[in-house]
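A quick write-up on the structure given underneath.
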There are 2 protein chains.
Amino acid sequence: MTGERTYHHGDLRRAVLTAALDVIAADGPDALSLRDLARRAGVSHAAPAHHFKDRTGLLTAVAAEGYALFADALAEAPDLRERGVAYVRFALGHPAHFQVMFRPELHRADDPALLTARARATTALRAGVSGLPDASRGGDDRLAGIAAWSLAHGFATLLLSGNLDEPVGGRDPGEVFRALAGLVFTQEDDSDG
Amino acid sequence: MTGERTYHHGDLRRAVLTAALDVIAADGPDALSLRDLARRAGVSHAAPAHHFKDRTGLLTAVAAEGYALFADALAEAPDLRERGVAYVRFALGHPAHFQVMFRPELHRADDPALLTARARATTALRAGVSGLPDASRGGDDRLAGIAAWSLAHGFATLLLSGNLDEPVGGRDPGEVFRALAGLVFTQEDDSDG
DNA sequence: CCCGGAAACTTGTCAATGACTAGATATGGC
DNA sequence: GCCATATCTAGTCATTGACAAGTTTCCGGG
């Protein structure tokens, strides 16, 4: 399978998508060039457009795939704190997806696949707020949700942009976030430990 | 002064910088084109390069100016909570600066002006952590600092990307953040109210 | 078997851009 | 008044995204 060049690539869509993730993870979405991806896949410069329409289409596909994976990752977390840990781990484990997901100006806002996947992720994200102990909520679920999301998102974002390199040191970021959450949301009991 | 076209613009550097801020605030840094800025300033397409070297140079200048303004804004805040409020207000009040500041891949990392301004902002940012009541710190200043920064940065970032439009509604984001901080850092007394 | 339509891919082209070079013009110190 | 220099112009090149039109392969119906 590797090396056979027929007129039909076989799975050009996946190949381009994967190459795009490599480039984005290494140099950010701005460095993405359709023509470069075509070269990597060994096809003509216009071939990718057939699968993604244009650059925005490709990035929209990346975002949609990202939100789908994100929703899965969040759904596996048992409680709010672990959801936060999963949030951070996803950002570090899928930096390309994550970066593109939270840059709406890169997307086709009305793409059906994107909307569906994002809705699923949003649901998974909100699911856990009611699990917070009362003392931490201060009686306002919505505010607590914003706080939790902001904390996880800020931590993940700062990590990805290299702004927390020394403070975190070599420690596992997931663990650091667990400590953060413990510090910030006064854990009285919650589910497990 | 408006309309006089001499060979020398007068203050092309400032004019290009200001135009750049407009474009970035409206359409993000990706939409920035040196040639477009030149057109807006009424000069030839290569004129901006003389002041900023290249696109990266311009964005580096934006980031440097942003960090300088940011440091000033943070320095005026009396305590940690207000520093967070100032953080959020800065992000919303200077969206172009803020966006560029936290996208290191857009900068010339070794630019002296950038390094100086960022160092000043970092100092201002860290200054307030020791002001936290003990119960909130959990004995770890560094962790509390990360928590505070993550919360403010996450909230600001999510706001700017349009992800908190409905939850925040029409309320003043600074006020919302004040509430967030009160919820998250169990305020026992702190300075003012 | 083959035939026709559709999907996948190629080739060619255009306008826009960033970067670079060389040259023209104004400015300010002396 | 004069010259070094900062500022700006004009011209060029390679790269890119987008689009149009043509070519090759695939696949299902007859």
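Below, chain A is the first sequence line, B the second, and so on; all start at residue 1.
Pairs passing the side chain to side chain donor-acceptor pair (under 3.5 Å) check and including a residue from residues 13-29 of chain B, sequence neighbours excluded, read B:R14-B:T18, B:R14-B:E65.
In the set D:dA6, C:dA19, D:dC19, D:dA6 carries the atom at the smallest distance from any side-chain atom of B:H50. Nearest nucleotide to the B:H51 side chain, out of C:dA8, D:dT7, D:dT9: D:dT7. Residue B:D54 has its side chain nearest to C:dA19 when only C:dC20, D:dC8, C:dA19 are considered. Residue A:A47 has its side chain nearest to C:dT10 when only C:dT10, D:dA18, D:dT12 are considered.
Atom CG of B:L12 and atom P of C:dT25 are 19 Å apart (whole Å). Rounded to an integer number of Å, the gap from A:H45 NE2 to D:dA20 C1' is 12 Å. Here C:dA16 presents its C1' atom at 16 Å from CG of B:D30, a figure rounded to the nearest Å. Look at CZ on B:F52: it is 14 Å from P on C:dG18, rounded to the nearest Å. Here D:dC8 presents its C1' atom at 16 Å from CZ of B:R13, a figure rounded to the nearest Å. In this structure, the CG atom of A:L58 is 12 Å from the C1' atom of D:dG17, given to the nearest Å.
Aromatic ring orientation, A:F98 versus A:H153: tilted (interplanar angle from 30° to 60°).
The side-chain contact (heavy atoms from CB on, under 4.5 Å) with B:V16 is formed by just one residue from the set B:L37, B:D11, B:L34; it is B:L37. Applying the ring pair (Phe, Tyr, Trp, His ring centres under 6.0 Å) test between B:F90 and each of B:F102, B:F70, B:F177, B:Y67 identifies B:F70 as the sole match.
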Between the protein and nucleotides 13-16 of chain D, list every N/O to N/O distance that falls short of 3.5 Å.
{"from": "D:dT16", "atom 1": "OP2", "to": "A:R39", "atom 2": "NH2", "distance (Å)": "2.7"}

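Note on B:K53: every side-chain N or O is 4.0 Å or more away from OP1 and OP2 of C:dA19.
A salt bridge links A:R89 with A:D172: the distance from a Lys NZ or Arg NE/NH1/NH2 to an Asp or Glu carboxylate oxygen falls below 4.0 Å.
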